[in-house]
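Atoms within a ligand are numbered from 1 in the order they appear, just like the ligands themselves.
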Amino acid sequence: MVNALPFLIGALLLILGLYLLFRRFSLSFEAKYKAGLDQLSRLLKEQTEEAVSEGRRLALILNSMTEGVVALDNSLHITLVNSRFCSLFGVDYSAENSFRGASFLEFTGSAELEAAARQVLSEGQPAQTIIRRYVSGTEQHYQVFAAPLKTGASGESQGAVVVLGDISRLMKLELIRKDFAANVSHELRTPIQIVKGFTENILDSSLDDKEQTRRFMEIIRKNINTMENLTTDLLTLVSLEDESAARPAMEETLLAPLIAEAVGMAEIAARKKDISIECSCPPDLSAKLYGPLFIQALINLLDNGIKYSDPLSQVRISAARKENELIIEVSDNGIGIPAEAMGRLFERFYRVDRSRSRSEGGTGLGLAIVRHIAMLHRGTAEVESHAGEGSVFRLKLPC
Ligand code: ADP
């Protein structure tokens, strides 16, 4: 025991010495590196904040896009999606996080889209296509761009990104344009063929038969008139649809003289069928109008009233103000319009009876022009009719 005492004291002194040494060392280490550690943690904090705000900025950009964007991993599971993509598929974006890892096919329900993404992954090349979907019973078209996501120099695939743009409106306009071109060609083809045929008849026949030549020439003239009417109506329609077209401003105008002018123009056709035109308009009734266009709309309605009525009948035109609206009515007791045709009457080239319209020199564009003119006045064009009883066409213009 006595022998162990110096040893114990020595051991205690050693521990104390080591402790003091360590403490000194750690204090100097702390002092030396504290500044560095503080700087490092500040840097880390800044970078984390930057990354968070960068992420937010990216999400903001992605969610402001009008296109739907989705990123997929190599097994076609969603890794990122923007709000537009969700709305295109009727999904609430607020639950965005729960879509991570969802199957692309299950999310979209579109085998076509999945096939496009799969192709991009297998070929490693961008691809584009157009897909169709039915949303609430209406057909929608989407332009799809898909591209592989590659990283590093080796270009290792990290999945694919798919961008979806709604082009339904464009497709609809394209369809209207195609229909329009097809309709115009069709409308012109018939009179051109007739003119060609009768010209050949005249050239092949003996010109001595003056009576026959005259009959053929009458037919040619009628068909040239049809083509002239068609081109005039087409030009009118095109200029009405041209929003940038310069036209004189609307002017406060008395209606009675405008109606009288339209009636004067329609009377030539009315007289040929012994149809009388009856007018009713307060002499002091005035409104802000595009005068020449307003007259054109009235002429078209009066012409129709005459064309689709029996001889010796009557066509009426009236104008009145009702509260804040100017109401102009053109009515007849003619053939009327069957109920199933009412909804399509103001469409370009729509006719209830094509051959009757043609034989009357109609182009199928008169009512489309009327509707455009009403719209330019911020008004509407309506019709009430019963087959066999007659029709009432009504313009309602704000005043
Ligand atoms: P169209 O040159 O053939 O008369 P519109 O665009 O003016 O072309 O009219 C479209 C169709 O609407 C006509 O072909 C006709 O079938 C029908 N329609 C228009 N106005 C009348 C009317 N007053 N009575 C009966 N049918 C009419």
**Message:** Using a plain distance cutoff, I'd like to know if G366 has any nitrogen or oxygen under 3.5 Å from a nitrogen or oxygen of ligand 1.
**Reply:** yes

**Prompt:** Is there at least one pair of N or O atoms, one from L367 and one from ligand 1, spaced under 3.5 Å apart?
**Reply:** yes

**Request:** Quickly, which of R316, R394, K396 forms a side-chain hydrogen bond (donor to acceptor under 3.5 Å, both in side chains) with E329? Name it, please.
**Result:** R394

**Request:** For L345, counting its heavy atoms only, list the atoms of ligand 1 lying under 4.0 Å from any of them.
**Result:** 12 (O)

**Request:** Could you tell me whether ligand 1 has any atom less than 4.0 Å away from a heavy atom of S391?
**Result:** yes

**Asked** So, are E54 and R57 salt-bridged, with charged N and O less than 4.0 Å apart?
**Response** yes

**Item:** Those atoms of ligand 1 less than 4.0 Å from some heavy atom in Y350
**Value:** 10 (C), 11 (C)

**Request:** Examine distances only and state if a side-chain atom of R321 and a backbone atom of L326 form a donor-acceptor pair shorter than 3.5 Å.
**Result:** no

**Complete:** Nearest heavy atom to atom 4 (O) of ligand 1, choosing from F349, Y308, F346, belongs to Y308

**Fill in**
Near G336 (heavy-atom distance under 4.0 Å), the atoms of ligand 1 are 25 (C)

**Message:** Could you identify the single nearest non-hydrogen protein atom to atom 16 (O) of ligand 1 and state the distance to 0.1 Å?
**Reply:** V352 N, 3.0 Å

**Asked** So which protein heavy atom does atom 26 (N) of ligand 1 come closest to, and at what separation?
**Response** I337 CG1, 3.5 Å

**Request:** Could you tell me which atoms of ligand 1, counted from 1 in the order shown, lie closer than 4.0 angstrom to a heavy atom of K307?
**Result:** 1 (P), 2 (O), 4 (O)

**Complete:** Under 4.0 Å from one or more heavy atoms of L365, ligand 1 contributes atoms 6 (O), 8 (O)

**Prompt:** Taking distance alone, with no angle check, do G364 and ligand 1 share an N/O pair under 3.5 Å?
**Reply:** yes

**Asked** Same cluster or not: are F145 and V120 linked, directly or through other Ile, Leu, Val, Met, Phe, Trp or Tyr residues, by side-chain heavy atoms under 4.5 angstrom apart?
**Response** no

**Prompt:** What do you reckon, does N300 put a non-hydrogen atom under 4.0 Å from ligand 1?
**Reply:** no

**Request:** Decide side-chain contact (heavy atoms from CB on, under 4.5 Å) for N74 and S157; before the verdict, give the C-alpha distance in whole Å, the side-chain angles of both, and the deciding distance to 0.1 Å.
**Result:** CA-CA 7 Å; N74 283 324; S157 170; 2.8 Å; yes

**Heavy-atom nearest neighbour in the protein, as seen from atom 3 (O) of ligand 1, with distance rounded to 0.1 Å** = S357 OG, 2.6 Å

**Message:** Can you tell me how the ring of F216 sits relative to the ring of F198, calling it parallel under 30°, perpendicular over 60° and tilted otherwise?
**Reply:** perpendicular

**Item:** Working for side-chain hydrogen bond (donor to acceptor under 3.5 Å, both in side chains), residues S385 and S391
**Value:** CA-CA 4 Å; S385 183; S391 312; 2.9 Å; yes

**Request:** Determine yes or no for a side-chain-to-main-chain donor-acceptor pair under 3.5 angstrom, with N229 supplying the side chain and T363 the backbone.
**Result:** no

**Message:** Could you tell me, atom by atom, which parts of ligand 1 come under 4.0 Å of a heavy atom of G362?
**Reply:** 2 (O)

**Fill in**
atom 23 (N) of ligand 1 sits nearest the protein heavy atom D332 OD2, 3.0 Å

**Item:** Nearest protein heavy atom with distance in Å, relative to atom 19 (C) of ligand 1
**Value:** N304 ND2, 3.5 Å

